[in-house]
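Please read the structure below before turning to the comments.
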Amino acid sequence: MSDTKNGLSPVLLSCARSEERAEYFHFSEPISRDTYGLYFRRGFELPEISGLSDIIGQRVASVHGYVSLAKLHEIGADPIEVPSETTGFKMLALSRIDFLFSGKEATDFFLKQSGMSGEFDFHEIEYLEYHLCLSKKHPEAGALLQPFNDGLAEVKADGTYQLIHARYR
């Protein structure tokens with residue numbers, strides 16, 4: 001990221017928009033998103049949850065080293081740290097925890113690959129959109145933004161974008 005921020009590289013794939021990053025980058029139209037939320041056992045009666053802080057005091061886990069675990073610590077929750085999604089979902093299936101807090105897109109792909117699709121439900125808490133980030137300091141980066149956005153619009157319009165994303169659902 002620092003090379004692109006400093007203009008040594010024109011483009012970074014990918015980053016989320018923030019006020020700090022807006023000082024250094026032009027952002028493309030969104031190219032993907034990461035949805036964070038709670039996985040829970042199918043049939044589990046979900047309490048009223050409108051935001052992440054509503055799970056403070058609940059039996060919630062997240063994977064060691066993941067951003068989702070840091071988010072739980074930031075809000076003052078006392079999460080159970082698990083070494084992997086596999087461990088988290090085993091604990092969830094055995095009712096040792098009530099929730100696994102994780103990113104939906106990557107975790108759904110893991111569930112599909114593991115043959116566990118359909119065993120758990122998901123409650124969305126928040127999402128981040130990711131963009132191609134172009135350096136404001138690089139002399140060629142600004143000229144790349146519109147052609148990239150035009151090309152992205154084309155692949156969305158012709159269905160290619162959806163086909164690519166569908167491979168990982």
Side-chain angles (χ1 to χ4, degrees), residues 1-2 4-5 11-22 25 27-133 152 155-169:
M1 182 176 285
S2 65
T4 308
K5 178 180 169 181
V11 178
L12 173 67
L13 178 71
S14 63
C15 73
R17 185 185 300 262
S18 71
E19 284 185 36
E20 179 189 349
R21 290 180 181 154
F25 300 116
F27 298 94
S28 71
E29 291 298 315
I31 57 174
S32 65
R33 78 184 250 164
D34 199 6
T35 310
Y36 287 94
L38 301 166
Y39 285 90
F40 55 96
R41 288 178 305 286
R42 179 139 298 154
F44 177 78
E45 190 171 327
L46 188 67
E48 183 67 35
I49 297 175
S50 58
L52 190 55
S53 62
D54 292 336
I55 59 136
I56 294 175
Q58 302 284 334
R59 297 183 309 159
V60 61
S62 190
V63 177
H64 172 78
Y66 280 18
V67 169
S68 52
L69 182 65
K71 287 177 182 263
L72 291 171
H73 285 295
E74 284 172 17
I75 64 158
D78 186 23
I80 297 165
E81 199 169 315
V82 295
S84 66
E85 285 95 350
T86 302
T87 301
F89 282 108
K90 284 180 181 178
M91 291 176 71
L92 197 55
L94 294 169
S95 300
R96 297 197 51 215
I97 57 173
D98 294 323
F99 303 105
L100 181 66
F101 183 56
S102 191
K104 182 176 185 1
E105 290 74 13
T107 304
D108 280 357
F109 184 69
F110 163 79
L111 288 171
K112 180 180 176 182
Q113 295 297 309
S114 302
M116 293 189 282
S117 291
E119 294 182 31
F120 304 96
D121 287 323
F122 181 82
H123 178 76
E124 181 177 324
I125 299 291
E126 64 185 13
Y127 69 91
L128 294 172
E129 291 184 321
Y130 292 102
H131 308 264
L132 191 70
C133 298
L152 182 60
V155 297
K156 284 183 175 183
D158 73 12
T160 303
Y161 177 89
Q162 294 81 353
L163 287 172
I164 292 168
H165 280 271
R167 290 176 49 197
Y168 301 98
R169 288 191 184 115

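Just so it is clear, the values below take in all heavy atoms, side chains as well, and ignore hydrogens, waters and symmetry mates.
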#### Entry: Note: K156-E29 ion pair, threshold 4.0 Å (strictly below)
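Answer for the salt bridge query: no.
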Separation of [Y] [atom2] from [X] [atom1] (nearest 0.5 Å):
| X | Y | atom1 | atom2 | answer |
| --- | --- | --- | --- | --- |
| R41 | L94 | CZ | CG | 9.5 Å |
| T86 | M116 | OG1 | CE | 5.5 Å |
| S50 | H123 | OG | NE2 | 7.5 Å |
| I80 | I97 | CD1 | CD1 | 6.0 Å |
| F27 | C133 | CZ | SG | 5.0 Å |
| S32 | I164 | OG | CD1 | 11.5 Å |

Heavy atoms, side chains only, cut-off 4.5 Å: are [X] and [Y] in contact?
| X | Y | answer |
| --- | --- | --- |
| Y39 | D108 | yes |
| Y130 | C15 | no |
| I49 | P47 | yes |

Check [X] against [Y] and note the closest heavy-atom contact, atom names and distance.
| X | Y | answer |
| --- | --- | --- |
| P79 | L69 | CG-CD1, 3.7 Å |
| A16 | R21 | O-NH1, 2.9 Å |
| E129 | P30 | OE1-CG, 3.6 Å |
| S62 | F101 | OG-O, 3.0 Å |
| H131 | S28 | ND1-O, 2.7 Å |
| V155 | Q162 | O-OE1, 3.9 Å |

For [X], I'd like to know if atom [atom1] has over 12 heavy atoms of other residues, nucleotides or ligands within 6.0 Å.
| X | atom1 | answer |
| --- | --- | --- |
| H64 | NE2 | no |
| R33 | CZ | yes |
| E45 | CD | no |
| D121 | CG | yes |

### Message
Can you tell me which residue among V60, D98, I125 is in a side-chain contact (heavy atoms from CB on, under 4.5 Å) with I55?
### Response
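The single option meeting the side-chain contact (heavy atoms from CB on, under 4.5 Å) with I55 is V60.
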### Task
Decide side-chain contact (heavy atoms from CB on, under 4.5 Å) for I31 and L13; before the verdict, give the C-alpha distance in whole Å, the side-chain angles of both, and the deciding distance to 0.1 Å.
CA-CA 10 Å; I31 57 174; L13 178 71; 3.5 Å; yes
#### Entry: Ring-ring centroid check F44 F99, cutoff 6.0 Å
yes
### Query
Any side-chain donor paired with an acceptor under 3.5 Å for Y127 and E105?
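No donor-acceptor contact under 3.5 Å links the two side chains.
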### Query
Would you say the side-chain atoms of R17 pair up with the backbone N or O of A22, donor to acceptor, closer than 3.5 Å?
no
### Query
Between T35 and F122, is a side-chain contact (heavy atoms from CB on, under 4.5 Å) present by the stated rule, with each step listed?
CA-CA 10 Å; T35 310; F122 181 82; 4.0 Å; yes
### Task
Hey, can you tell me if H165 and Y161 have their rings parallel, tilted or perpendicular (30° and 60° cut-offs)?
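Tilted, since the angle between the ring planes falls between 30° and 60°.
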